[in-house]
Amino acid sequence: MAKLILLWLKCIILYNAVDAVFEDQVGKFDWRQQYVGKVRFSHFDTHVQSSKKVLVATENNVFAALNTRTGELFWRHVDKSGPEGNIDALLHHGQDAILVVGNGRLLRSWDVNVGGLNWEIVLDSGSFQKACLVGQQGTVKHVAVLKKNIISLHYLSNGHQKWIENLPDSETVDYQTVYSGGNGEVYALGIVPHSHIVIIAYSTDDGEIIKQISVEAPWLSNIVASCAVIGQGVLICVDSATPSLYMYNLNPNMDDLQMTQIPLQSLGLEVAPDFQPVLVSHQPNSAHQPLSEFFLQLGPDNFLLLQFNNGQIVTLRDFKPALLVSFATTGEKTIAAVMSPKNKTASSINLFSAETGRRLLDTTLIFVMDPNGGKPEKIYIQPFLKKDDSVGYRAMVQTEDHTLTFIQQPGRVMWTREEALSDVVTMEMVDLPLTGTQAELEGEFGKKAAIQDGLMSMVFKRLSSQLILLQAWISHLWKLFYDARKPRSQVKNEVTIENLSRDEFNLQKMMVMVTASGKLFGIDSKTGSILWRHYLNDVPSNAAFKLMVQRTTAHFPHPPQCTLLIKDKDTGLTTLHVFNPIFGKKSHVTPPALPQPILQSLLLPLMDQDYAKVLLLVDDQYKVSAFPSTKNVLQQLQEMASSIFFYLVDSSQGRLSGYRLRTDLSTEQIWEVVIPMEIQRIVSVKGKRPNEHVHSQGRVMGDRSVLYKYLNPNLLAVVTESTDTHQERSFVGIILIDGVTGRIIHEAVQRKARGPVHIVHSENWVVYEYWSTKSRRNEFSVIELYEGMELYNSTVFSSLDRPHAPQVLQQSYIFPSAISTMEATLTEKGITSRHLLIGLPSGGILSLPKMFLDPRRPEIVSEQSREENLIPYAPELMIRTEWFINYNQSISRVQGIHTSPSGLESTCLVVAYGLDIYQTRVYPSKQFDVLKDDYDYMLISSVLLALFFATMISKRLAEVKLLNRAWR
Amino acid sequence: MWHRERIPLLLAFVQSVLVVGWCFTEMEAGPGAAMSTQTNGDRFKIEGRAIVPGVKTQDWVSTARVLVDGEEHVGFLRTDGSFAVNDVPSGSYVVEVVTPTYRFEAVRVDITSKGKMRARLVNYIKTSEVIRQPYPLQIRSSGPHSYFMKRETWGWTDFLMNPMVMMMVLPLLIIVLLPKVVNTNDPEMRKEMEQSMNMLNPNPELPDVSELMTKLFSGSKGSSKAGSSSKGTRPAAKRRGKHSGASRAKKLSMQNNSADLDSWDQ
């Protein structure tokens, strides 16, 4: 036993050193970018004049404070994803921010300065409608929450409930909004569509109903969409059918049963056809009444600033064309900001006095729109009083592509945040192109050139290329020299598209990221700077994406080419976007129009004459189309057709089927596996990565024999989960199927287990993780497949000719944490040992050596297993923080981990994405092929020198001694 | 169920009535109970407090979260370090406080369908073992996370304690000290030593690597240097040749050599 522990310890020590990060490596080749997601609510922190915070609550259930000077995060709180963490409302008062979360389930108050929670309370059930701050005598002390059937008032200081009241007739009346003008009353406004509005006034003190009234409004269907409260508590609604404005005074002595109608025509206004007019009002302080000025939007680009004055409506100013409007208050001044288009690429923002509608001087701000971005969607204005009491401001513009741009006058962009990157769907890493000189050298050895040119020209070419190299080297030296003279802060090593080139070991790559919003990004993997962005504005909201690299940068002068497959999940209709991954430009190659829904896509290793890999698309008629579809490609396809197989998964039917390509590009079904839907459903199907290399065909055993791996490139791992979720009867199944023949190689069932199942399928192994309902813990299981001691056909693997079933080994382990995602490291030649990269909910990315997940780990240590370096079996896998590749740079909600080989065999590039993006390098077997970065040049040279002098001295001494002896 | 919606004050009472019906005596019925009560809507609150000794709470709470069973339920820390995770159905959960800087132990919390709570140590192997922890939870940080490996720094002690250096230094000492301790003039002693040397050289036919090297280097250097030096080195090499053997015995043979030298000097 002691021996076992000792051996265990030894292994731990051995692997201790393998993966950890050294402290001085922090930020050397890794970077992290933190995002918050698409902003839903935003408030500038105004309670201190010098505050630099802007609070944002996003659709990704994140609440954060951003620094307005830099755009970086002060703090960020990431709630549970899904509807339970959904932020329904954000109210801001002083240094408290009140959040309503999870459809009105929780009410939270945050301290804006520290970023800590003040209090959190659970609200009664009921679907949330609206919340507002309630002030009395100039101070705000309460928050009112309106739900479908109840209204409650809470203290701001501790969240305690002051009173709660049931709303009368909540079955028939749809209560939609709550309003307080700071005069001791809270109004709940409800509606019976196309009949009447219900207005109830509650007393702030005890929740007593002061007044309840219903007002006829047969034209109204939604209060939130078409009404607003202005001035001294006047409810104003707009009706597009008549078209006219309706007003109703909410004052306590209200007893009218009718709303006053003011036809828009009488104001000389006209509504754009098919447009639902919108009202925008502003309440600068919850303890006071709203402004009597408001915006009325009459058309997509037409806004009006109106004023309500003694029962009259006055037009202050007409803005046409205008894109967006917003109110903002600083001190006593309230201003209206209007964004109007200037030309195709720029718009201007101007400030107007809210009271008069007069334009404020020197307040023009130019917002330059990115031609590859989206249209502006919202503006948030941060006004401030200058020393001479005039108003200055900064603006935060949110565009359709989820970008936040913070601009200062007269148009200087202070920062931009690409919030689309908070939801990366898929990505690829593309090699950077060679520089001109490198390409020149490569071109010299091109076959075509060698045949055409004679000997002399070849020599000449060689000399000239060497000259170019020399020139490049000298200019490089000159640049180094030039930079060395300048102070360090001035030296800019900015990466731009122009100076992008592949480095010596191909460690720097272009990360092509596809986000759910349909915005594509090209990011330099070394620095994390965004080199290009491209917004596809016609992407459906529920699209599925698949990104493929059709041509790499290796085929100069042909440009690299990526193809993005965008599939509408509902209709199955697919479009292709073909682009250059280095520059982000849309390719001139026109993708085929695809009228039929696409079921499957395959990227074949075949290439056309321009070195673009062939993409096959299978439509719902099981017809195959190729892209590119030149004659050359079709001919190649015809030749290869008999060896092209593909599979289709229909998880709704529980059916897996295999097809083969015919020469006329039609298909025939050759196998079908049906998994009974009543018992289990297919959760995921995982093949191997096509760019994966396996270096060794087998494993050397303790007795020097070889256990050959079963390396079937066509193997699919199918994960199923039971439909019965009862903890005693639920199970997780895993089926290994040959994708060509449909032969089931292995089947394993984990009883009393349920998903979510995370799976990695690589080489000859499958690792998966599931939740064990019996022991209430996460477990890992590993399946390895071996051919046995002899290889059936060592030269080539064919699924059709493999008579022997492989040996299957399996082992399971306990994992002491839930996991978010899992991926295996990947290296150029597959010599380096593999690690599993596991994203944990805590934000760490654990690099777990595959050696710990080895079904050959023995329970009893023998001489042979020690010879093989097997770690004795221990049921629990450990999480050591030293194995976290991202140290304290935790990554929230890791969605996926992308691994990519580099030019160095020892090095694997890793990108983890989720809410954040993190890029680093890992060395699963240490850096065996380069000198480590801590290599001690000083020590080795000083030792060498010392040895040299020691030999000199001892030689001299020896001579003296010999001479002395000779004289004796 | 319908009357539950009616008057919130009645809610608690009704819930407790329902709970009697769902009562579980055994705590281990965790997730099963969770599943059955989820529809019931009984939700509880896990409370506790996280403490980092010697650090102000304001400095770390903004980066901290409380995770219950992964990200199944999420709670946040108040500015005083206390926390409450609301809306948790009955069951058995692993509660952990997560910050990028400080390490906290995870705790398992069991909630019965009645809402009784208990906390115990997490043991994934013996899941039913109960070692009680205080409830409401008191989670004390056991220090900062250790993410980094220490660089191997170079020091004199490392150098001196290096086995290779030891192997070089020890024979040197023996060379210097041994002739003074052992009387090499004694013929019996010498015979004994020679015998032991022969024992150490199991294969006399193998060429000695060290000898080859000395020949190579002394030859090349000798030609370029003055005559006196070549004279000096050559006999030494020759004499060494007598005691040729496997390289493993190199050091001992050297020691023997010098012993010979010394004796001849006398």
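Quick note: numbers below take in every heavy atom, side chains included, and nothing from hydrogens, waters or symmetry partners. Since this is a predicted model, take the numbers as computed values, not measurements. We name chains A, B, ... by the order of the sequence lines, and we start the count at 1 in each one.
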Original post:
Which class fits the ring pair Phe148(B) and Tyr887(A): parallel under 30°, tilted 30 to 60°, perpendicular over 60°?
Top reply: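 Answer is tilted, since the angle falls between 30° and 60°.
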Atom [atom1] in [X], atom [atom2] in [Y]: separation rounded to 0.5 Å?
X         : Y         : atom1 : atom2 : answer
Thr63(B)  : Leu73(A)  : OG1   : CG    : 12.5 Å
Asn123(B) : Arg777(A) : CG    : CZ    : 9.5 Å
Met149(B) : Trp883(A) : CE    : CH2   : 11.5 Å
His145(B) : Asn888(A) : NE2   : CG    : 9.5 Å
Asp111(A) : Gln58(B)  : CG    : CD    : 8.0 Å
Arg880(A) : Tyr147(B) : CZ    : OH    : 14.0 Å

Original post:
What parts of residues 67-75 of chain B touch chain A if we use heavy atoms and a cut-off under 4.5 Å?
Top reply: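 Answer by number: Leu67(B), Asp69(B), Gly70(B), Glu71(B), Glu72(B), His73(B), Val74(B).
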Original post:
When Asn86(B) is tested against each of Glu120(A), Arg105(A), Arg108(A) for side chain to side chain donor-acceptor pair (under 3.5 Å), which residue passes?
Top reply: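 With Asn86(B) as partner, Glu120(A), Arg105(A), Arg108(A) yield a single side chain to side chain donor-acceptor pair (under 3.5 Å), made by Glu120(A).
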Subject >> Top of Gly85(A), Ser890(A), Ser775(A) for chain B proximity - count of heavy-atom pairs under 4.5 angstrom >> reply: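 Counting heavy-atom pairs under 4.5 Å, the top option is Ser775(A).
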**OP:** Flag the one option from Val94(B), Val98(B), Thr79(B) with the top tally of heavy-atom pairs under 4.5 Å to chain A.
**Re:**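 Ranked by heavy-atom pairs under 4.5 Å with chain A, first place is Thr79(B).
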Original post:
Among Ile125(B), Leu77(B), Asp87(B), who wins on heavy-atom pairs under 4.5 Å with chain A?
Top reply: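 Going by pairs under 4.5 Å, I would pick Asp87(B).
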Subject >> Atom of Trp75(A), atom of Ser62(B) and distance for their closest heavy-atom approach >> reply: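 In this case the closest contact between Trp75(A) and Ser62(B) is CB-CB, 4.0 Å.
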Original post:
By a 4.5 Å heavy-atom criterion (distance strictly below it), what part of Arg103(B) contacts chain A: side chain, backbone, both, or neither?
Top reply: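 Interface part for Arg103(B): neither.
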Below 4.5 Å, heavy atoms only, C-beta onward: do [X] and [Y] meet side chain to side chain?
X         : Y         : result
Asp79(A)  : Phe76(B)  : yes
His77(A)  : Arg65(B)  : no
Tyr124(B) : Phe815(A) : no

Should the heavy atoms of other residues, nucleotides or ligands under 6.0 Å from [atom1] of [X] be counted, would the total exceed 12?
X         : atom1 : answer
Leu947(A) : CG    : yes
Glu129(B) : CD    : yes
Lys28(A)  : NZ    : yes

Identify which part of [X] has an atom lying under 4.5 Å from any heavy atom of chain B, answering side chain, backbone, both or neither.
X         : answer
Gln25(A)  : side chain
Val78(A)  : both
Pro875(A) : side chain

**OP:** Would you please name every residue forming a side-chain contact (heavy atoms from CB on, under 4.5 Å) with Ser141(B), sequence neighbours left out?
**Re:**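 By the side-chain contact (heavy atoms from CB on, under 4.5 Å) rule, Ser141(B) matches Val52(B), Pro53(B), Tyr102(B), Phe104(B).
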Original post:
Any luck finding a side-chain donor-acceptor pair between Glu96(B) and Ser842(A) under 3.5 Å?
Top reply: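 No - no donor-acceptor pair under 3.5 Å links their side chains.
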